[in-house]
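What follows is one structure encoded as structure tokens, with my remarks underneath.
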Amino acid sequence: MEPTSATGNGSAGKGSVRPTLGLTGLTVNAMALIAPGAFLWLTYQMQSLYGAPLAGSSMWFGIVAALLLCFATALSYAELSKLYPGAGSSYFFAEQAFLNHTKAYRFARIAKFMTGWASHLYYWVYPGCMVGVTAILSGYLLNQFFPNTFSGSINSPLFMILFCVGFAFGVAYIAFRGVTGTTGVNVLINIVQITALLVFSVMAISYRVHHGEGSRAFQLVNGIPVDYNVVQEPVLEDGKPKLDPTGQPMTAPKMDDEGMPVPEMKDGKPVPFTITYAASEAMKMEPIDADHPTTLTPHFKFHDRASSVPAPHGFSLIVIQACIAILILVGFESVTSMGEEARNAKRDIPRAVLLSLGIQGIFCYLIEYFAANYFLNQGYTMTNAAGSGAPLGDMMVIVGTWLFGSYQAGRAFMLVQALTVFLALIGTTLSCLSTGARVTYAMGRDEEMPAHFGMLHGKTLTPYRSIWILAAISAVIGIITVSLYLGGTTPSALEPKFQNLWYGFGVFSPETYAKLPNSLVIVTLVSNFGTFMLYMMTCIVAMVAFREHKSFNGFKHLFIPLFGLLANLVCMLFYLVGPFMVAGMSVKEPYIALGACAVWGVYGAVYFLRNSKAKARAVMVDRPVVGAGQVPA
């Protein structure tokens, strides 16, 4: 078999991409996918809930651990992009690395297909996941504007389905217009979201600093921040007091006719709500779950001091948080698929890979996660965050009410921040959809996927067929994401006033939701499994590429990729064993996700063999590209 090339085979007459991007353009395109402002809002609830009741205490350090893993992988990407700048990212790197090796060259076609196929599990699922979470955010915001039509606890299934379709194709249209327009959008989005992020971080830290031990503070009652104790009234069921699992009567905050919490009164004045940061309140003994009301276990509520936020708190807790944090850090590698759009790919792409991860991972994430975790107090605990659909929205309402003097002003502040999150999600979805389309384009152009994927539009010079097909896939995956996004939780039952067209289907009872798997977590894990496999393959490729190269460096080209390979493998395996080791982790979602990945892998193997036979292409390569395994410097 003659050696093939991801950039040569099948490209004649199909156009070429216009090189327009410098270091700034490349960096902001990768930064748009990481989107720290959006992911703080979207994943904080999952990070609070996953591995509860203790794992939330190690949230900040878990991000540090995930950053180490990502930097090891990012360095492998950066080094590979110096050798092989071109569209296709890891797919392209895999082929070239193996072809230029005196012993491994025979596996070049297998390696590049496995890498490209694994990358599609990430790049085709991730945009759909982002479409879904944007629909969930939009459904949450609808209640803020139309509280009599849309529930604040359960989003409208019909609205989210319609939104998934419209949003997926709207973002695809931006990508279709071309990379220059995409970069302009990403620059604006990054400026807005990072500014908004820093504003919230300063406000959250200031709130904690100004509300010391014993001071009067705010608590959130039915979504409304109040600085007084609230009257509690018994919860009735069929006219009788409802009992909790221990047999005690349940109570709920009393609300007046205008929907405001009723204050406890003393001497004609509301009793102020005061807070303490005592260690006994920061870590409380509570029932492990509703089914075991007499079995008590420590529950993390908040950090009693600033130094507790960056502390590790336990190895297993760090691993739990690091596995979640992978979702919020991936995207730095997306820029390596833009080699043909870069004016100086060998110089700028390696820098853009590391810069994008460093700016957003170290600067943005570590600041914002410190602020959000330091803010936690008796008025808003980690338990409250785990049970909220938008914990960052709750925090913004509280700090906004405190700083601006009224609930209306705090709510307005939250809505402005939510708008920046929405813009960031546009950038994230756009960046990943564009990257995924270009990886598909590279495989189509190389005839490892149907040839129509490798065609460029005559005017915009974008891989238009890949873009529009990926838009349709993203819409479908988005709909799957939102279908059971409340699975595994016990939301409040839908109130009778919301029994309308928007809730005509897809709504279940709280008891049913508690038994169902969480579709958002499943789709997230499928994407994460794809990420781990792609990153592991890339680390292997880096070791192969430099093993016989004259610039080989043992630390950069063996130790770091090996560390990245093992770290990714540990994270992937943890999803499989974690549910049996850590309280708060369900077994359903990881194994459903694993089944989906296995189906994708089996289908890929069958497709590869059938495609090879149909086109009379040998599976194994006969000879390396150059002698002695030395690739050009």
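Within the structure, ring pair (Phe, Tyr, Trp, His ring centres under 6.0 Å) contacts touching residues 128-154 (residues at least two apart or in different chains) are Phe150-Trp502. Residue pairs meeting the salt bridge (Lys or Arg N to Asp or Glu O under 4.0 Å) criterion with at least one member in residues 468-487: none, sequence neighbours excluded.
Judged purely by atom type and a 3.5 angstrom limit, Ser57 uses its side chain to pair as donor or acceptor with the backbone of Leu54. Ser58 places no side-chain N or O within 3.5 Å of a backbone atom of Phe61 that could act as its donor or acceptor partner. Counting only distance, with no hydrogens or angles, the side chain of Asn384 and the backbone of Thr381 share a donor-acceptor pair below 3.5 Å. In this structure a side-chain-to-backbone donor-acceptor pair under 3.5 Å is present from Asn155 to Ile136. For the pair Trp468 (side chain) and Ala172 (backbone), a donor-acceptor distance under 3.5 Å is absent. At least one donor-acceptor pair closer than 3.5 Å links the side chain of Asn518 to the backbone N or O of Tyr485. Of the possible donor and acceptor atoms, one in the side chain of Ser519 sits under 3.5 Å from a partner among the backbone N and O of Ile480. Between the side chain of Asn373 and the main chain of Ala371, no donor-acceptor pair closer than 3.5 Å is present.
At most 12 heavy atoms of other shown residues, nucleotides or ligands fall within 6.0 angstrom of atom NZ in Lys266. Within a 6.0 Å radius of NZ in Lys588, more than 12 heavy atoms belonging to other residues, nucleotides or ligands are found.
Across every non-hydrogen atom of Ser474 and Pro127, the tightest pair is OG-CB, 3.4 Å. Shortest non-hydrogen contact noted between Gly132 and Val482 is O-CG1, 3.3 Å. Across every non-hydrogen atom of Phe218 and Asn377, the tightest pair is O-OD1, 4.3 Å. Here the closest non-hydrogen pair linking Leu69 and Cys571 is CD1-SG, 3.7 Å. What you find for Gly128 and Thr481 is that their closest heavy atoms are O-OG1, 4.0 Å. Here the closest non-hydrogen pair linking Tyr228 and Pro261 is OH-O, 2.8 Å.
Within the 4.5 Å cutoff, the side chain of Tyr380 has heavy atoms near those of the Pro391 side chain. With contacts defined as side-chain heavy-atom distances shorter than 4.5 Å, the pair Leu141/Phe422 does not qualify. A 4.5 Å side-chain heavy-atom check between Lys301 and Leu376 finds every atom pair outside the cut-off. Residues Leu419 and Gln417 fail the side-chain proximity criterion, which asks for heavy atoms closer than 4.5 Å. Between Leu162 and Leu158 the shortest side-chain heavy-atom distance falls below 4.5 Å. Within the 4.5 Å cutoff, the side chain of Leu142 has no heavy atoms near those of the Ser138 side chain. With a 4.5 Å cut-off on side-chain heavy atoms, Cys597 and Leu121 count as touching. By the 4.5 Å heavy-atom criterion applied to side chains, Pro270 and Met265 are counted as neighbours.
Taking CZ of Phe413 as the start and OG1 of Thr401 as the end, the distance is 10.5 Å to the nearest 0.5 Å. Between Arg216 atom CZ and Ile275 atom CD1 the span is 12.5 Å, to the nearest 0.5 Å. In this structure, the separation between CZ on Phe302 and OG1 on Thr276 is 6.5 Å, given to the nearest 0.5 Å. The CG atom of Leu486 lies 12.5 Å from the OG1 atom of Thr512; values are rounded to the nearest 0.5 Å. Here CZ of Phe200 is found 12.5 Å from CE of Met414. Values are rounded to the nearest 0.5 Å. Summarising the geometry, atom CG belonging to Leu501 is positioned 11.0 Å from atom OG1 belonging to Thr149; distances are rounded to the nearest 0.5 Å.
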*May I have the step-by-step check of side chain to side chain contact (heavy atoms under 4.5 Å, CB included) for Arg411 and Gln144, ending in yes or no?*
CA-CA 9 Å; Arg411 177 175 172 271; Gln144 302 293 319; 3.2 Å; yes

*Starting from the C-alpha separation in whole Å, work towards a yes-or-no answer on side chain to side chain contact (heavy atoms under 4.5 Å, CB included) for Met395 and Val397.*
CA-CA 5 Å; Met395 295 182 196; Val397 170; over 6 Å; no

*asked:* Does Met203 form a side chain to side chain contact (heavy atoms under 4.5 Å, CB included) with Val199? I'd like the steps, not just the answer.
replied: CA-CA 6 Å; Met203 291 175 63; Val199 169; 3.9 Å; yes

*Go through the steps for Ile398 and Tyr407 under the test side chain to side chain contact (heavy atoms under 4.5 Å, CB included), then give the verdict.*
CA-CA 8 Å; Ile398 293 174; Tyr407 165 59; over 6 Å; no

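The aromatic rings of Tyr207 and Trp402 lie perpendicular to each other, with more than 60° between the two planes, well past the 30° mark. The aromatic rings of Phe498 and Tyr503 lie tilted to each other, with the angle between the two planes from 30° to 60°. Below 30°, between 30° and 60°, or above 60°: for Trp117 and Tyr603 the angle between ring planes is between 30° and 60°, a tilted geometry. The aromatic rings of Phe163 and Phe159 lie tilted to each other, with the angle between the two planes from 30° to 60°.
Partners of Ser308 according to the side-chain hydrogen bond (donor to acceptor under 3.5 Å, both in side chains) rule, which considers only residues two or more places apart in sequence or in another chain, are His303, His313. Residues passing the salt bridge (charged side-chain N to carboxylate O under 4.0 Å, His left out) test with Glu281 are Lys284, sequence neighbours excluded.
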Side-chain donor-acceptor distances from residues 316-330 under 3.5 Å, at least two apart:
| from | atom 1 | to | atom 2 | distance (Å) |
| --- | --- | --- | --- | --- |
| Gln321 | NE2 | Gln47 | O | 2.9 |
| Gln321 | NE2 | Ala55 | O | 3.1 |

What side-chain donor-acceptor pairs closer than 3.5 Å can you find for residues 521-533, not counting sequence neighbours?
| from | atom 1 | to | atom 2 | distance (Å) |
| --- | --- | --- | --- | --- |
| Thr524 | OG1 | Leu520 | O | 2.8 |
| Asn528 | ND2 | Tyr575 | OH | 2.9 |
| Thr531 | OG1 | Ser527 | O | 2.9 |

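Tyr44 and Asp394 form no side-chain donor-acceptor contact under 3.5 Å, judged by distance and modelled atom types alone.
Tyr277 carries Arg208 over the face of its six-membered ring, with the cationic atom under 6.0 Å from the centre and within 45° of the normal.
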